[in-house]
Amino acid sequence: DMASARTFSQEKFTSPALQGSALKPRLEGRDEGVSSSANAFQNENISQEEAAPDFLGNIPAESSPSGVENSWKAKRRAAFQVLNAEQKLLPKMTNLFMEEYEKKVLAGDKDGAKKVLKVMRHSVQKCGADTIPAYRFNPKTGKRVETGAPGQAEVHGCEGPGHVWVGVKRCASTWFCPVCGPKIMSRRRQEVEKGIAFLKNYDGGKHFIFMTLTFPHTYGASLVEHMDKLQMVLRQFRSGKAWQNFKKRIGLVGYIRAQEVTHGLSGWHPHFHELMITKPLTKKDAHDAEAFLSKRWVDMCKRAGLIKHGKIADARAHAVDIRCGADPVSQAYLAKVCAWELSSTTTKAARQKGSRQPFQILADACAGDKQSFRLWSEYMLGMYRKAALYWSPGLKKLCGIEDISDEAILDGAVEKKPILIAEPGAFIQIARRRLQIPILELTESDRMDTIRIIDKKLRLRLKFGGEDDPGGYNSGRFP
(Lines give C-alpha, C1' and ligand atoms only; values in the text may rest on other atoms or scores of the structure.)
Protein backbone atom coordinates (compact mmCIF):
# COMPACT_ATOMS: atom_id res chain seq x y z
CA ASP A 1 0.00 0.00 0.00
CA MET A 2 2.10 2.87 -1.29
CA ALA A 3 -0.67 5.41 -1.54
CA SER A 4 0.63 8.95 -1.34
CA ALA A 5 -0.70 12.44 -1.92
CA ARG A 6 1.17 15.50 -2.99
CA THR A 7 0.23 17.76 -0.11
CA PHE A 8 1.54 17.44 3.41
CA SER A 9 -1.46 19.32 4.69
CA GLN A 10 -1.37 21.13 8.00
CA GLU A 11 -4.97 22.37 8.14
CA LYS A 12 -7.22 22.17 11.20
CA PHE A 13 -6.97 18.84 12.94
CA THR A 14 -9.45 17.09 15.18
CA SER A 15 -6.64 14.81 16.16
CA PRO A 16 -7.18 11.76 18.34
CA ALA A 17 -3.89 12.71 19.93
CA LEU A 18 -5.78 15.07 22.23
CA GLN A 19 -8.27 12.44 23.36
CA GLY A 20 -8.16 9.21 25.28
CA SER A 21 -5.41 7.88 27.47
CA ALA A 22 -3.44 11.07 28.18
CA LEU A 23 -1.58 10.72 24.92
CA LYS A 24 0.19 14.07 25.01
CA PRO A 25 1.91 13.53 28.39
CA ARG A 26 2.86 9.96 27.47
CA LEU A 27 4.65 11.04 24.30
CA GLU A 28 6.15 14.23 25.69
CA GLY A 29 9.83 14.54 24.96
CA ARG A 30 10.03 11.81 22.31
CA ASP A 31 10.98 13.98 19.31
CA GLU A 32 14.56 13.74 18.14
CA GLY A 33 16.88 16.40 16.84
CA VAL A 34 14.49 19.36 17.08
CA SER A 35 16.17 22.75 17.34
CA SER A 36 15.54 25.09 20.23
CA SER A 37 13.51 27.30 17.91
CA ALA A 38 11.40 24.29 17.04
CA ASN A 39 11.18 23.48 20.75
CA ALA A 40 9.74 26.90 21.48
CA PHE A 41 7.13 26.50 18.79
CA GLN A 42 6.21 22.97 19.78
CA ASN A 43 5.95 23.99 23.45
CA GLU A 44 7.15 20.64 24.74
CA ASN A 45 10.09 19.27 26.76
CA ILE A 46 12.90 17.48 24.98
CA SER A 47 15.23 15.15 26.81
CA GLN A 48 18.98 15.80 27.10
CA GLU A 49 19.75 12.81 24.88
CA GLU A 50 17.46 14.10 22.13
CA ALA A 51 18.43 17.77 22.32
CA ALA A 52 19.17 19.75 19.16
CA PRO A 53 22.71 20.53 18.02
CA ASP A 54 24.35 23.31 20.02
CA PHE A 55 24.71 25.58 17.02
CA LEU A 56 20.91 26.01 16.90
CA GLY A 57 20.78 27.17 20.50
CA ASN A 58 21.03 30.90 19.68
CA ILE A 59 18.24 30.96 17.12
CA PRO A 60 15.71 33.56 18.33
CA ALA A 61 12.26 32.24 19.10
CA GLU A 62 8.96 33.90 19.86
CA SER A 63 6.44 32.64 22.35
CA SER A 64 3.84 30.23 21.07
CA PRO A 65 0.69 31.79 19.59
CA SER A 66 -2.42 31.93 21.70
CA GLY A 67 -6.19 31.76 21.29
CA VAL A 68 -7.83 30.17 18.26
CA GLU A 69 -4.59 30.17 16.26
CA ASN A 70 -2.83 28.28 19.03
CA SER A 71 -5.62 25.69 19.04
CA TRP A 72 -5.18 24.49 15.47
CA LYS A 73 -1.41 24.81 15.63
CA ALA A 74 -1.29 22.79 18.83
CA LYS A 75 -3.43 20.08 17.25
CA ARG A 76 -1.19 20.04 14.20
CA ARG A 77 1.92 19.65 16.37
CA ALA A 78 0.31 16.95 18.50
CA ALA A 79 -0.82 14.93 15.48
CA PHE A 80 2.62 15.07 13.91
CA GLN A 81 4.27 14.16 17.22
CA VAL A 82 2.12 11.00 17.44
CA LEU A 83 2.99 10.14 13.84
CA ASN A 84 6.70 10.46 14.67
CA ALA A 85 6.27 8.14 17.64
CA GLU A 86 4.38 5.62 15.50
CA GLN A 87 7.10 5.68 12.84
CA LYS A 88 9.67 4.80 15.51
CA LEU A 89 7.40 2.05 16.82
CA LEU A 90 6.55 0.17 13.61
CA PRO A 91 10.05 -1.18 12.81
CA LYS A 92 10.05 -2.82 16.24
CA MET A 93 6.96 -4.81 15.20
CA THR A 94 8.77 -6.68 12.44
CA ASN A 95 9.07 -9.87 14.52
CA LEU A 96 5.31 -9.88 15.24
CA PHE A 97 4.50 -9.45 11.57
CA MET A 98 6.96 -12.18 10.55
CA GLU A 99 5.37 -14.59 13.04
CA GLU A 100 2.00 -13.95 11.43
CA TYR A 101 3.54 -14.30 7.96
CA GLU A 102 4.96 -17.73 8.82
CA LYS A 103 1.56 -18.85 10.12
CA LYS A 104 -0.09 -17.83 6.85
CA VAL A 105 2.57 -19.60 4.76
CA LEU A 106 2.29 -22.83 6.77
CA ALA A 107 -1.51 -22.68 6.43
CA GLY A 108 -1.22 -22.28 2.64
CA ASP A 109 -2.86 -18.83 2.76
CA LYS A 110 -0.90 -17.01 0.04
CA ASP A 111 -3.19 -13.97 -0.03
CA GLY A 112 -2.97 -13.64 3.74
CA ALA A 113 0.81 -13.87 3.62
CA LYS A 114 0.99 -11.11 0.99
CA LYS A 115 -1.29 -8.95 3.11
CA VAL A 116 1.01 -9.30 6.13
CA LEU A 117 4.02 -8.19 4.07
CA LYS A 118 2.11 -5.16 2.76
CA VAL A 119 1.09 -4.14 6.27
CA MET A 120 4.69 -4.54 7.47
CA ARG A 121 5.80 -2.12 4.71
CA HIS A 122 2.85 0.26 5.10
CA SER A 123 3.43 3.75 3.73
CA VAL A 124 2.58 5.36 7.09
CA GLN A 125 6.27 4.75 7.90
CA LYS A 126 7.26 7.33 5.25
CA CYS A 127 4.31 9.70 5.71
CA GLY A 128 5.56 13.27 5.72
CA ALA A 129 9.19 12.17 5.77
CA ASP A 130 10.19 11.90 2.09
CA THR A 131 9.47 13.54 -1.25
CA ILE A 132 7.52 12.17 -4.21
CA PRO A 133 9.74 11.81 -7.30
CA ALA A 134 8.74 13.82 -10.36
CA TYR A 135 8.67 10.63 -12.43
CA ARG A 136 8.91 6.86 -12.13
CA PHE A 137 9.72 4.06 -14.55
CA ASN A 138 7.14 1.44 -15.38
CA PRO A 139 8.71 -1.88 -14.24
CA LYS A 140 7.09 -3.80 -17.12
CA THR A 141 7.62 -1.43 -20.07
CA GLY A 142 10.54 0.60 -18.77
CA LYS A 143 8.79 3.79 -19.88
CA ARG A 144 9.11 6.96 -17.88
CA VAL A 145 5.84 7.99 -16.18
CA GLU A 146 5.30 11.50 -14.83
CA THR A 147 3.85 11.61 -11.31
CA GLY A 148 2.68 15.22 -11.47
CA ALA A 149 4.68 16.02 -8.32
CA PRO A 150 7.31 18.78 -8.37
CA GLY A 151 10.07 16.33 -7.40
CA GLN A 152 11.02 18.42 -4.38
CA ALA A 153 9.43 19.58 -1.13
CA GLU A 154 7.80 23.01 -1.28
CA VAL A 155 6.03 25.21 1.25
CA HIS A 156 2.88 26.83 -0.15
CA GLY A 157 0.07 28.97 1.16
CA CYS A 158 -3.31 27.23 1.16
CA GLU A 159 -7.01 28.02 1.37
CA GLY A 160 -7.10 26.98 5.03
CA PRO A 161 -5.10 28.45 7.91
CA GLY A 162 -1.33 28.26 7.80
CA HIS A 163 1.01 26.82 5.18
CA VAL A 164 1.51 23.31 3.83
CA TRP A 165 4.27 21.10 2.48
CA VAL A 166 3.68 20.09 -1.14
CA GLY A 167 5.41 17.24 -2.96
CA VAL A 168 5.76 15.15 0.21
CA LYS A 169 4.67 11.51 0.52
CA ARG A 170 1.47 10.88 2.41
CA CYS A 171 -0.04 7.53 3.40
CA ALA A 172 -3.69 8.69 3.18
CA SER A 173 -4.62 6.15 5.87
CA THR A 174 -7.79 6.86 7.84
CA TRP A 175 -7.09 3.93 10.21
CA PHE A 176 -3.39 4.24 11.03
CA CYS A 177 -2.31 7.86 10.54
CA PRO A 178 -3.06 10.59 13.14
CA VAL A 179 -2.19 13.25 10.54
CA CYS A 180 -3.99 12.04 7.40
CA GLY A 181 -6.94 10.32 9.08
CA PRO A 182 -8.58 13.29 10.85
CA LYS A 183 -8.40 15.52 7.78
CA ILE A 184 -9.89 12.86 5.51
CA MET A 185 -12.73 12.09 7.92
CA SER A 186 -13.40 15.79 8.41
CA ARG A 187 -14.08 16.07 4.68
CA ARG A 188 -16.17 12.88 4.77
CA ARG A 189 -18.27 14.37 7.58
CA GLN A 190 -19.04 17.37 5.39
CA GLU A 191 -20.15 15.00 2.63
CA VAL A 192 -22.47 13.10 4.99
CA GLU A 193 -23.95 16.35 6.32
CA LYS A 194 -24.55 17.59 2.77
CA GLY A 195 -26.15 14.28 1.78
CA ILE A 196 -28.47 14.22 4.80
CA ALA A 197 -29.51 17.84 4.22
CA PHE A 198 -30.37 17.02 0.60
CA LEU A 199 -32.25 13.80 1.37
CA LYS A 200 -34.39 15.47 4.06
CA ASN A 201 -36.06 17.50 1.31
CA TYR A 202 -35.63 15.20 -1.69
CA ASP A 203 -38.84 14.04 -3.36
CA GLY A 204 -41.06 15.25 -0.54
CA GLY A 205 -38.57 14.30 2.18
CA LYS A 206 -37.00 10.98 3.12
CA HIS A 207 -36.82 9.15 6.43
CA PHE A 208 -33.76 7.71 8.16
CA ILE A 209 -33.13 4.43 9.96
CA PHE A 210 -29.92 4.30 11.99
CA MET A 211 -28.48 0.89 12.88
CA THR A 212 -25.54 -0.32 14.94
CA LEU A 213 -24.64 -3.94 14.16
CA THR A 214 -22.19 -6.25 15.94
CA PHE A 215 -22.09 -9.75 17.45
CA PRO A 216 -21.01 -11.36 20.75
CA HIS A 217 -17.24 -11.30 21.09
CA THR A 218 -14.82 -12.84 23.56
CA TYR A 219 -11.39 -11.87 24.83
CA GLY A 220 -8.53 -13.46 22.90
CA ALA A 221 -10.20 -13.73 19.49
CA SER A 222 -8.16 -11.99 16.78
CA LEU A 223 -9.45 -8.86 15.08
CA VAL A 224 -8.76 -10.41 11.65
CA GLU A 225 -11.09 -13.28 12.56
CA HIS A 226 -13.73 -10.87 13.86
CA MET A 227 -13.65 -8.69 10.73
CA ASP A 228 -13.91 -11.69 8.39
CA LYS A 229 -16.96 -12.97 10.28
CA LEU A 230 -18.58 -9.56 10.38
CA GLN A 231 -18.16 -9.07 6.63
CA MET A 232 -19.59 -12.54 5.95
CA VAL A 233 -22.70 -11.91 8.10
CA LEU A 234 -23.23 -8.51 6.47
CA ARG A 235 -23.26 -10.08 2.99
CA GLN A 236 -25.83 -12.64 4.10
CA PHE A 237 -27.87 -9.93 5.83
CA ARG A 238 -28.28 -8.08 2.51
CA SER A 239 -29.05 -11.03 0.26
CA GLY A 240 -32.07 -13.22 -0.44
CA LYS A 241 -35.69 -12.72 -1.40
CA ALA A 242 -36.77 -11.61 2.07
CA TRP A 243 -34.31 -8.69 1.93
CA GLN A 244 -35.43 -7.66 -1.55
CA ASN A 245 -39.08 -7.63 -0.44
CA PHE A 246 -38.16 -5.56 2.63
CA LYS A 247 -36.37 -2.99 0.46
CA LYS A 248 -39.52 -2.54 -1.61
CA ARG A 249 -41.74 -2.17 1.46
CA ILE A 250 -39.67 0.64 2.97
CA GLY A 251 -38.74 2.24 -0.37
CA LEU A 252 -34.99 2.00 0.28
CA VAL A 253 -33.13 4.78 -1.53
CA GLY A 254 -29.64 3.82 -0.31
CA TYR A 255 -27.43 3.67 2.76
CA ILE A 256 -24.20 5.02 4.26
CA ARG A 257 -22.14 2.60 6.35
CA ALA A 258 -19.16 3.17 8.64
CA GLN A 259 -16.92 0.70 10.47
CA GLU A 260 -15.65 1.23 13.99
CA VAL A 261 -13.38 -0.79 16.29
CA THR A 262 -12.68 -0.53 20.02
CA HIS A 263 -10.92 -2.85 22.47
CA GLY A 264 -12.11 -3.58 25.98
CA LEU A 265 -12.54 -6.17 28.67
CA SER A 266 -14.18 -8.57 26.18
CA GLY A 267 -11.49 -8.11 23.54
CA TRP A 268 -11.95 -6.52 20.15
CA HIS A 269 -15.34 -4.96 19.49
CA PRO A 270 -15.83 -4.31 15.75
CA HIS A 271 -19.20 -2.94 14.68
CA PHE A 272 -21.00 -1.15 11.88
CA HIS A 273 -22.97 2.07 11.98
CA GLU A 274 -25.39 2.36 9.07
CA LEU A 275 -27.83 5.04 7.98
CA MET A 276 -30.62 3.76 5.73
CA ILE A 277 -32.61 6.25 3.66
CA THR A 278 -36.24 5.26 3.05
CA LYS A 279 -39.59 6.67 2.00
CA PRO A 280 -41.63 8.38 4.78
CA LEU A 281 -42.73 5.68 7.24
CA THR A 282 -45.76 5.48 9.49
CA LYS A 283 -45.36 4.45 13.12
CA LYS A 284 -46.45 0.91 12.20
CA ASP A 285 -44.01 0.82 9.26
CA ALA A 286 -41.17 2.01 11.51
CA HIS A 287 -42.01 -0.57 14.18
CA ASP A 288 -42.19 -3.38 11.58
CA ALA A 289 -38.88 -2.29 10.03
CA GLU A 290 -37.18 -2.29 13.42
CA ALA A 291 -38.51 -5.76 14.21
CA PHE A 292 -37.47 -7.16 10.81
CA LEU A 293 -33.95 -5.74 10.91
CA SER A 294 -33.30 -6.84 14.49
CA LYS A 295 -34.56 -10.38 13.91
CA ARG A 296 -32.75 -10.76 10.60
CA TRP A 297 -29.38 -9.64 11.97
CA VAL A 298 -29.60 -12.00 14.94
CA ASP A 299 -30.72 -14.87 12.67
CA MET A 300 -27.76 -14.30 10.32
CA CYS A 301 -25.33 -14.25 13.25
CA LYS A 302 -26.87 -17.45 14.62
CA ARG A 303 -26.66 -19.16 11.21
CA ALA A 304 -22.96 -18.24 11.02
CA GLY A 305 -22.34 -19.77 14.44
CA LEU A 306 -21.62 -16.45 16.15
CA ILE A 307 -24.41 -16.74 18.73
CA LYS A 308 -24.47 -19.69 21.09
CA HIS A 309 -27.64 -21.59 21.90
CA GLY A 310 -29.61 -19.90 24.65
CA LYS A 311 -28.01 -16.48 24.05
CA ILE A 312 -30.56 -15.18 21.51
CA ALA A 313 -32.20 -12.78 23.98
CA ASP A 314 -28.81 -11.29 24.94
CA ALA A 315 -27.89 -10.88 21.29
CA ARG A 316 -31.11 -9.02 20.51
CA ALA A 317 -30.42 -6.71 23.43
CA HIS A 318 -26.74 -5.99 22.71
CA ALA A 319 -25.80 -7.04 19.16
CA VAL A 320 -28.21 -4.79 17.27
CA ASP A 321 -29.57 -1.31 17.92
CA ILE A 322 -32.20 0.21 15.60
CA ARG A 323 -33.39 3.83 15.68
CA CYS A 324 -36.23 4.59 13.27
CA GLY A 325 -38.83 6.83 14.92
CA ALA A 326 -41.47 8.02 12.45
CA ASP A 327 -42.24 11.34 14.18
CA PRO A 328 -40.54 14.58 13.01
CA VAL A 329 -38.64 15.05 16.28
CA SER A 330 -37.01 11.62 16.04
CA GLN A 331 -36.12 12.13 12.39
CA ALA A 332 -34.60 15.56 13.13
CA TYR A 333 -32.50 14.00 15.90
CA LEU A 334 -31.26 11.21 13.65
CA ALA A 335 -30.33 13.67 10.92
CA LYS A 336 -28.38 15.72 13.45
CA VAL A 337 -26.32 13.00 15.14
CA CYS A 338 -25.75 10.54 12.31
CA ALA A 339 -23.15 12.60 10.47
CA TRP A 340 -20.93 12.59 13.56
CA GLU A 341 -21.46 8.90 14.31
CA LEU A 342 -20.65 7.88 10.75
CA SER A 343 -17.57 10.05 10.25
CA SER A 344 -15.80 9.83 13.63
CA THR A 345 -14.94 6.14 13.63
CA THR A 346 -11.27 6.68 14.52
CA THR A 347 -11.40 9.86 16.62
CA LYS A 348 -14.26 9.63 19.11
CA ALA A 349 -13.50 8.20 22.53
CA ALA A 350 -14.69 4.72 23.51
CA ARG A 351 -17.92 4.90 25.51
CA GLN A 352 -17.74 1.79 27.66
CA LYS A 353 -15.62 1.75 30.79
CA GLY A 354 -12.41 -0.14 30.20
CA SER A 355 -12.61 0.26 26.40
CA ARG A 356 -10.01 1.99 24.26
CA GLN A 357 -10.26 3.54 20.86
CA PRO A 358 -7.43 2.63 18.38
CA PHE A 359 -5.33 5.75 18.81
CA GLN A 360 -5.48 5.30 22.57
CA ILE A 361 -3.95 1.86 22.02
CA LEU A 362 -1.26 3.46 19.85
CA ALA A 363 -0.50 5.99 22.59
CA ASP A 364 -0.09 3.25 25.17
CA ALA A 365 2.08 1.21 22.77
CA CYS A 366 4.35 4.21 22.21
CA ALA A 367 4.57 4.62 25.99
CA GLY A 368 5.99 1.08 26.26
CA ASP A 369 2.92 -1.02 27.12
CA LYS A 370 3.64 -4.51 25.75
CA GLN A 371 0.00 -5.58 25.42
CA SER A 372 -0.85 -2.41 23.47
CA PHE A 373 2.24 -3.01 21.31
CA ARG A 374 0.86 -6.39 20.23
CA LEU A 375 -2.70 -5.06 19.90
CA TRP A 376 -1.64 -2.29 17.52
CA SER A 377 0.05 -4.78 15.18
CA GLU A 378 -3.11 -6.91 15.29
CA TYR A 379 -5.22 -3.82 14.59
CA MET A 380 -3.14 -2.98 11.51
CA LEU A 381 -3.60 -6.49 10.14
CA GLY A 382 -7.34 -6.46 10.83
CA MET A 383 -8.17 -3.03 9.39
CA TYR A 384 -5.77 -2.94 6.44
CA ARG A 385 -7.59 -1.71 3.30
CA LYS A 386 -10.98 -1.67 5.02
CA ALA A 387 -13.35 1.11 3.96
CA ALA A 388 -13.92 3.57 6.79
CA LEU A 389 -17.05 5.01 5.15
CA TYR A 390 -19.10 3.46 2.34
CA TRP A 391 -21.98 4.92 0.30
CA SER A 392 -24.30 2.57 -1.56
CA PRO A 393 -23.95 2.74 -5.37
CA GLY A 394 -25.51 5.85 -6.90
CA LEU A 395 -26.32 7.61 -3.60
CA LYS A 396 -23.51 10.18 -3.80
CA LYS A 397 -24.47 11.04 -7.36
CA LEU A 398 -28.11 11.45 -6.32
CA CYS A 399 -27.03 13.91 -3.61
CA GLY A 400 -24.78 15.85 -6.03
CA ILE A 401 -21.60 14.96 -4.13
CA GLU A 402 -18.36 14.52 -6.07
CA ASP A 403 -16.71 11.15 -5.52
CA ILE A 404 -13.20 12.21 -4.49
CA SER A 405 -10.42 9.92 -3.30
CA ASP A 406 -8.66 10.18 0.06
CA GLU A 407 -5.44 11.18 -1.72
CA ALA A 408 -7.22 14.01 -3.55
CA ILE A 409 -8.60 15.31 -0.24
CA LEU A 410 -5.05 15.60 1.08
CA ASP A 411 -3.93 17.41 -2.08
CA GLY A 412 -6.22 20.37 -1.39
CA ALA A 413 -5.95 23.76 -3.06
CA VAL A 414 -2.67 25.64 -2.68
CA GLU A 415 -1.17 28.86 -4.03
CA LYS A 416 0.73 28.49 -7.27
CA LYS A 417 4.13 29.89 -6.24
CA PRO A 418 6.19 28.28 -3.47
CA ILE A 419 7.37 30.18 -0.42
CA LEU A 420 10.24 27.80 0.23
CA ILE A 421 11.84 24.93 -1.73
CA ALA A 422 13.86 22.01 -0.35
CA GLU A 423 15.55 19.52 -2.64
CA PRO A 424 14.89 15.81 -1.82
CA GLY A 425 18.16 15.39 0.09
CA ALA A 426 17.60 18.57 2.07
CA PHE A 427 14.06 17.55 3.01
CA ILE A 428 15.30 14.19 4.28
CA GLN A 429 17.63 16.12 6.62
CA ILE A 430 14.69 18.27 7.72
CA ALA A 431 12.57 15.18 8.36
CA ARG A 432 15.32 13.43 10.35
CA ARG A 433 15.48 16.42 12.68
CA ARG A 434 11.66 16.63 12.88
CA LEU A 435 11.73 20.21 11.58
CA GLN A 436 8.77 20.00 9.18
CA ILE A 437 6.29 21.68 11.52
CA PRO A 438 8.73 24.25 13.01
CA ILE A 439 9.67 25.40 9.50
CA LEU A 440 5.99 25.77 8.60
CA GLU A 441 5.40 27.84 11.71
CA LEU A 442 8.40 30.02 10.93
CA THR A 443 7.11 30.75 7.41
CA GLU A 444 3.66 31.46 8.83
CA SER A 445 5.26 34.02 11.20
CA ASP A 446 7.29 35.66 8.40
CA ARG A 447 10.50 34.63 10.17
CA MET A 448 12.54 33.78 7.12
CA ASP A 449 15.68 35.09 8.81
CA THR A 450 15.47 32.23 11.31
CA ILE A 451 15.05 29.71 8.49
CA ARG A 452 18.11 31.17 6.77
CA ILE A 453 20.15 30.55 9.93
CA ILE A 454 18.95 26.92 10.03
CA ASP A 455 19.68 26.61 6.30
CA LYS A 456 23.23 27.91 6.75
CA LYS A 457 24.06 25.79 9.79
CA LEU A 458 22.66 22.55 8.35
CA ARG A 459 23.86 23.30 4.78
CA LEU A 460 20.45 22.54 3.34
CA ARG A 461 20.73 24.96 0.39
CA LEU A 462 17.09 25.93 0.60
CA LYS A 463 15.63 28.21 -2.06
CA PHE A 464 13.50 31.13 -0.98
CA GLY A 465 10.82 32.26 -3.38
CA GLY A 466 11.76 29.93 -6.22
CA GLU A 467 14.96 29.06 -8.01
CA ASP A 468 14.96 32.15 -10.25
CA ASP A 469 13.82 34.53 -7.52
CA PRO A 470 15.77 33.90 -4.32
CA GLY A 471 14.50 35.99 -1.46
CA GLY A 472 11.22 36.70 -3.23
CA TYR A 473 9.21 35.84 -0.11
CA ASN A 474 6.99 38.68 1.02
CA SER A 475 4.82 38.15 4.12
CA GLY A 476 4.04 34.58 3.09
CA ARG A 477 2.84 35.56 -0.39
CA PHE A 478 4.42 36.54 -3.68
CA PRO A 479 3.93 40.02 -5.19
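We count residues from 1, following the sequence as given. Excluded from the calculations below are hydrogen atoms, water molecules and symmetry mates; all remaining heavy atoms, backbone and side chain alike, are included.
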Ignoring hydrogens, what is the shortest heavy-atom contact between [X] and [Y]? Give both atom names and the distance.
X: G157; Y: H163; value: CA-CD2, 3.9 Å
X: S372; Y: D364; value: OG-CB, 3.3 Å
X: A129; Y: A431; value: O-CB, 3.6 Å
X: E86; Y: C177; value: OE1-CA, 4.5 Å
X: C366; Y: L89; value: SG-CD2, 4.1 Å
X: V82; Y: L362; value: CG1-CD2, 3.8 Å

Would you mind checking if [Y] and [X] are paired as a salt bridge, meaning a charged N to carboxylate O distance below 4.0 Å?
X: R187; Y: E191; result: yes
X: K416; Y: E154; result: no
X: R461; Y: D455; result: no
X: K104; Y: D111; result: no
X: R136; Y: E146; result: no
X: E99; Y: K103; result: no
X: E402; Y: K396; result: no
X: E444; Y: K73; result: yes

[X] vs [Y] side-chain heavy atoms within contact, under 4.5 Å:
X: C180; Y: L410; answer: yes
X: H156; Y: I419; answer: no
X: S392; Y: I256; answer: no
X: M380; Y: M120; answer: no
X: V164; Y: L440; answer: no
X: F208; Y: I196; answer: yes
X: Q371; Y: F373; answer: no
X: H263; Y: H269; answer: no

Task: Derivation and outcome, side chain to side chain contact (heavy atoms under 4.5 Å, CB included), residues V192 and W391 - done: CA-CA 9 Å; V192 173; W391 294 59; 4.0 Å; yes
As an exercise, state the distance from [atom1] of [X] to [atom2] of [Y], rounded to the nearest 0.5 Å.
X: L462; Y: I451; atom1: CG; atom2: CD1; result: 8.0 Å
X: R447; Y: I453; atom1: CZ; atom2: CD1; result: 9.0 Å
X: Q152; Y: L420; atom1: CD; atom2: CG; result: 10.0 Å
X: L90; Y: W376; atom1: CG; atom2: CH2; result: 8.5 Å
X: L460; Y: L435; atom1: CG; atom2: CG; result: 8.5 Å
X: R459; Y: I454; atom1: CZ; atom2: CD1; result: 16.0 Å

Just by distance, do the side chain of [X] and the backbone of [Y] share a donor-acceptor pair under 3.5 Å?
X: Q87; Y: V124; value: yes
X: W165; Y: A153; value: no
X: E407; Y: A172; value: no
X: E423; Y: A426; value: no
X: S186; Y: P182; value: no
X: S445; Y: L442; value: no
X: K200; Y: K206; value: no
X: Q357; Y: F359; value: yes
X: T147; Y: A134; value: yes
X: T214; Y: P270; value: yes

[X] ring center near [Y] ring center (under 6.0 Å):
X: W268; Y: H226; result: no
X: Y384; Y: W175; result: no
X: F176; Y: Y379; result: yes

TODO: Tell me, with the steps shown, if D130 and V168 meet side chain to side chain contact (heavy atoms under 4.5 Å, CB included).
DONE: CA-CA 6 Å; D130 200 358; V168 175; over 6 Å; no
TODO: Please check if atom CZ in F137 has more than 12 non-hydrogen atoms from other residues, nucleotides or ligands closer than 6.0 Å.
DONE: yes
TODO: Can you establish whether the number of heavy atoms outside K386 located under 6.0 Å from its atom NZ is more than 12?
DONE: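 Above 12, so yes.
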Open item on the list: Checking Q429 against L458 for the side chain to side chain contact (heavy atoms under 4.5 Å, CB included) test, could you report, in this order, the C-alpha distance in whole Å, the side-chain angles of both residues, the deciding distance, and whether it holds?
Closed with: CA-CA 8 Å; Q429 293 299 318; L458 298 182; over 6 Å; no
Task: side chain to side chain contact (heavy atoms under 4.5 Å, CB included) between F272 and L234, intermediate numbers included - done: CA-CA 9 Å; F272 289 119; L234 188 65; 3.7 Å; yes
- [ ] Report the C-alpha distance between H271 and T212 in whole Å, list the side-chain angles of each, state the deciding distance to 0.1 Å, and finish with yes or no for side chain to side chain donor-acceptor pair (under 3.5 Å).
- [x] CA-CA 7 Å; H271 49 283; T212 299; over 6 Å; no
TODO: For the pair S123 and R170, evaluate side chain to side chain donor-acceptor pair (under 3.5 Å) and give the outcome as yes or no after the intermediate values.
DONE: CA-CA 8 Å; S123 54; R170 299 308 308 273; over 6 Å; no
